[in-house]
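By convention in this document, chain letters (A, B, ...) are assigned in the order of the sequence lines, proteins followed by strands, and residues within each chain are numbered from 1. Basis for what follows: all heavy atoms, side chains included, without hydrogens, waters or symmetry-related copies.
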Amino acid sequence: MHFSKLFLPTLKESPADAEVISHKLMVRAGMIRQVASGIYSILPLGLRVLRKVEQIIREEMNQIDGQEVFLPSIQPAELWIESKRWDFYGKELLRIKDRHNREFCYGPTHEEVITDIVRKEVKSYRQLPILLYQIQTKFRDEVRPRFGIMRGREFMMKDAYSFHADEEDTQYTYKKMAQAYTNIFKKCGLDFKQVQADSGTIGGNFSHEFAVLADSGEDDIGFCESCGYASNLELAESKPPAPPAPLATSEDIKEVETPGQKSVEAVASFLNIPTRQIVKTILFENENGLVAGLVRGDHEINLVKLKNLIGCEWLEPAEEKAISKHPELHCGYIGPIGIDLPVYADCEISTLQSFVTGANKPSTHFTGVQVERDLKIKKFSDIRTVKTNDPCPHCEDGRYQVKRGIEVGHIFILGTKYSSAMKAVYLDQEGKEKALIMGCYGIGVGRTAAAAIEQNHDDRGIIWPINLAPFKVVIIPVNYSNEDLKVVCDNIYDQLQKTGIETLLDNRSDRLGAKLKDADLIGIPLQIIVGAKNLSAGQVELKIRKTNESRLHPYPKFINDIPNVLKEL
RNA sequence: CGGGAUGUAGCGCAGCCUGGUAGCGUACCUGCUUCGGGAGUAGGGGGUCGGAGGUUCAAAUCCUCUCAUCCCGACCA
């Protein structure tokens with residue numbers, strides 16, 4: 001490709017509305033332009049990169065016998081009503097009506113459509129398993145889109161869906177899929193982790209997330225460098241506490257006045273005790289009313305863990321309205337003693353000797369509280385969020401590290417959630433009708449490209465991992481109107497093209513500086529700079545974008561070495 | 001959905017407080033010079049000041065409404 005023909009509107013300055021690096025650089029590098037909040041046009045350079053990601057994904061999906069399909073973006077409401085998600089999905093689902101006033105939605109995901117296809121065509125265990133995938137645009141009407149195409153409303157996504165006769169086969173595909181994902185993200189040049197994850201509203205009971213470590217990530221990832229255990233912080237397990245020592249002294253429970261001391265920190269400094277000697281009582285609301293969760297004062301309660309422990313439909317921090325219906329509850333002074341609510345406690349609580357809690361009386365706390373004697377706990381479990389330096393639950397001396405991660409992929413075992421709701425069944429060997437067991441496996445294509453930029457850039461611009469680079473090589477003549485240089489550049493270009501190396505020839509009349517700036521910005525891995533001085537000595541300059549390392553090579557001999565140079569990048 | 005901010009030339013911004021015929025940088029067009037890290041110089045084109053209404057002799061500027069975008073939070077995968 002000749003630069004002069006490429007539609008590549010690069011910018012010197014970052015757009016005012018971009019916050020994270022990948023967003024700024026994608027706009028500056030002429031890859032994307034915003035059309036509306038969370039909706040972007042992908043320009044030629046951007047599309048080249050997305051296609052690279054897609055192609056890597058396709059190869060790996062096909063490798064494990066996935067078959068590509070293309071599904072409708074507009075889906076009829078009936079299917080969503082059948083799966084019960086028409087109501088459940090809420091405002092994220094963009095609903096539209098056709099001219100006959102029939103209801104549709106723009107697909108945020110395709111479980112319904114794919115399940116509908118499979119249930120109509122699959123009748124027997126002999127036809128299973130089936131693995132279908134699609135790479136398409138989806139739309140989720142996010143409350144707050146941000147960070148460019150990292151979290152847009154319209155986004156390109158690969159989703160794969162698998163259908164199985166039994167659990168074992170599902171697990172088998174799940175594992176193959178995890179391996180395929182590992183291959184994909186490695187090929188994309190990403191530093192990532194496969195982490196244990198919650199399955200959220202997609203449903204199902206088993207899931208992993210692929211997270212690219214980056215400060216701009218929106219997920220918190222807890223991991224242990226010693227044993228490799230990694231989990232989304234929503235689920236990251238705490239190490240079970242050592243069994244409690246026998247009670248040293250039997251302290252009596254006492255009421256103390258603590259006027260105005262509502263937070264853990266305030267109470268701790270008021271009573272001059274460490275925060276770990278206080279037990280926090282946090283109220284939540286679910287479909288059955290209020291529940292209470294207890295964690296140590298220096299810990300944070302984990303909503304996802306608590307929700308999974310209770311096994312409720314939904315769980316949210318209690319709102320004032322719900323609390324005010326219980327006259328015995330006084331915000332800031334709530335405690336587990338004498339409240340008529342189910343109380344769930346973190347395991348660590350069971351090892352505390354004597355501690356402070358709210359007394360359910362304004363301006364009053366209890367001291368000297370003991371678990372056995374004073375508390376009625378419905379269940380003890382791990383319901384706190386781990387922190388950096390917490391001990392790892394899976395090895396001897398490991399410690400947690402907590403870092404931000406970008407969720408680029410997520411794989412789930414769905415079980416029969418959709419197949420039972422939508423009556424997707426098959427006949428087994430005994431002729432019995434059974435619900436199909438499903439798995440689903442997503443990758444954010446645009447997000448993967450954005451994540452690659454987050455991890456690979458410098459102050460001059462993007463540094464594409466070789467497999468994502470829109471062009472492998474850019475040829476930069478110091479002056480293309482110089483006939484000698486032109487002949488040489490054209491020759492290098494032709495030869496590289498013949499070898500199948502994607503090459504960009506910067507034939508613009510701009511000065512060298514401008515061309516170099518653009519080459520750096522758009523992140524082409526290898527720059528070939530052709531100038532009169534070097535050429536008169538029979539040499540051209542090869543510059544590696546990543547290292548900024550530059551060397552002279554003999555022309556034209558060096559052309560044959562280019563494939564090897566690229567291999568090492 | 002709650003809190004905060006912004007909207008002026010393609011892009012980045014000033015002007016608004018204190019109303020009086022819209023400016024800077026960059027990009028763009030033309031000429032000359034220059035040509036190894038976003039050149040210099042001379043000239044030139046481009047703006048319903050997000051939209052609607054109001055106050056006023058006069059509104060980018062003041063008031064009301066509205067739309068859009070961004071940030072923080074809640075939410076979500």
Side-chain angles (χ1 to χ4, degrees), chain A residues 9-20 23-24 27-28 30 33-40 85 88-93 108-109 111 138-148 150-153 155 157-159 195 197-204 207-211 216-219 232 234 303-304 314-317 319 405-412 440-444 446-447 459-461 476-482 485 506 508-522 527-536 539-541 543 548 550 552:
Chain A
T10 58
L11 300 174
K12 246 189 229 185
E13 289 176 284
S14 289
D17 53 10
E19 191 70 8
V20 297
H23 186 193
K24 287 180 188 169
V27 175
R28 286 192 54 206
R33 285 293 183 267
Q34 187 177 61
V35 175
S37 179
I39 301 177
Y40 290 83
R85 288 208 294 184
F88 197 68
Y89 218 99
K91 289 191 175 172
E92 297 251 304
L93 189 62
T109 168
E111 280 85 8
K138 310 205 175 194
F139 192 95
R140 295 180 193 169
D141 200 354
E142 298 271 355
V143 187
R144 182 144 105 85
R146 54 183 131 176
F147 303 160
M150 194 128 103
R151 187 188 172 95
R153 292 191 292 173
F155 55 98
M157 184 169 182
K158 185 280 300 185
D159 252 329
V195 309
D198 188 56
S199 50
T201 48
I202 292 278
S207 113
H208 285 89
E209 202 176 289
F210 289 77
S216 55
E218 298 182 87
D219 273 1
N232 189 303
E234 292 175 344
L303 191 127
V304 173
W314 54 273
L315 187 72
E316 280 169 17
E319 292 187 14
I406 301 166
E407 179 191 356
V408 288
H410 203 152
I411 59 179
F412 305 82
C440 84
Y441 321 89
I443 291 179
R447 193 182 275 191
D459 53 0
R460 299 199 310 274
I476 306 172
V478 169
N479 181 358
Y480 193 65
S481 57
N482 174 318
L485 297 189
D506 198 340
R508 296 176 299 173
S509 58
D510 295 59
R511 297 158 68 89
L512 179 69
K515 292 189 273 198
L516 290 171
K517 289 282 188 207
D518 271 344
D520 286 344
L521 175 62
I522 66 176
Q527 302 174 359
I528 300 174
I529 302 161
V530 183
K533 248 186 234 163
N534 287 329
L535 196 61
S536 64
Q539 293 183 311
V540 297
E541 177 182 341
K543 195 157 127 193
N548 208 26
S550 159
L552 294 175

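Of the residues near RNA chain B, A/E13 and A/M157, the one whose nearest nucleotide (by heavy atom distance) lies more toward the 5' end is A/E13. Position along RNA chain B of the nearest nucleotide to A/A532 versus A/E407 favours A/A532 as the more 5'-ward residue.
Spacing between atom CZ of A/F147 and atom P of B/C76 amounts to 17 Å, rounded to whole angstrom units. Residue A/D518 contributes atom CG, which lies 18 Å from atom P of B/C11 at whole-angstrom precision. For the pair A/R460 CZ and B/G38 P, the computed distance is 13 Å after rounding to whole Å. A straight line from CZ of A/R151 to P of B/A74 spans 12 Å, rounded to a whole angstrom. Straight-line distance from the CG atom of A/D219 to the P atom of B/C75: 13 Å, rounded to whole Å. Taking atom CG on A/L11 and atom P on B/A9, their separation rounds to 15 Å, with Å as the unit. Atoms CG (A/D510) and C1' (B/G36) sit 14 Å apart, rounded to a whole Å. Protein atom CD of A/E19 is 11 Å distant from nucleotide atom P of B/C70, rounded to whole Å.
Of the P atoms belonging to B/G38 and B/G19, the separation is 45 Å, rounded to the nearest Å. Comparing B/A59 with B/G73, their C1' atoms are spaced 37 Å from each other, to the whole Å. B/C35 and B/G25 are spaced 26 Å apart, taking the P atom of each and rounding to whole Å. The same atom, P, is picked in B/G23 and in B/G15; the two are 16 Å apart, to the nearest Å. Comparing the C1' positions of B/A42 and B/U34 gives a spacing of 15 Å, expressed to the nearest Å. Spacing of C1' atoms, B/A58 relative to B/U18, comes out at 16 Å, to the nearest Å. On the C1' atoms, B/C63 is 25 Å away from B/G47, given to the nearest whole Å.
Between the side chain of A/R146 and the backbone N or O of A/R151, no donor-acceptor pair lies under 3.5 Å. A donor-acceptor distance shorter than 3.5 angstrom exists from the side chain of A/R28 to the backbone of A/L11, with no hydrogens or angles considered.
Side-chain N/O atoms of A/R144 include one lying less than 4.0 angstrom from OP1 or OP2 on B/C71. The shortest distance between the side-chain N/O atoms of A/S14 and the OP1/OP2 oxygens of B/G12 is not below 4.0 Å. In this structure, A/R146 reaches the B/C72 phosphate: one of its side-chain N or O atoms is under 4.0 Å from OP1 or OP2. Distances shorter than 4.0 Å separate none of the side-chain N or O atoms of A/R511 from OP1 or OP2 on B/G38. Contact annotation: A/K12 side-chain N/O to B/A27 OP1/OP2 distance is under 4.0 Å. The phosphate of B/A68 has neither OP1 nor OP2 within less than 4.0 Å of any side-chain N or O from A/Q34.
Within the shown strands, nothing qualifies as a pairing partner of B/C75 under the Watson-Crick or G-U definition with both distances less than 3.5 Å. For B/U56, there is no paired base (Watson-Crick or G-U wobble, both distances below 3.5 Å). If you check B/G38 for Watson-Crick or wobble pairing at under 3.5 angstrom, you find it has no partner at all.
The nucleotide whose nearest atom lies closest to any side-chain atom of A/N534 is, among B/C71, B/C76, B/G36, B/G36. Candidate nucleotides B/C1, B/G38, B/C70 were compared by shortest atom distance to the side chain of A/D17, and B/C70 ranks first. The side chain of A/K517 lies closest to B/G38 when the candidates are B/U69, B/G38, B/A74. With B/G25, B/C75, B/C76 as the candidates, the nucleotide lying closest to the side chain of A/E92 is B/C76.
Among the protein residues, A/P108 comes within range of no part of the nucleic acid, since none of its heavy atoms lies under 4.0 Å from any strand.
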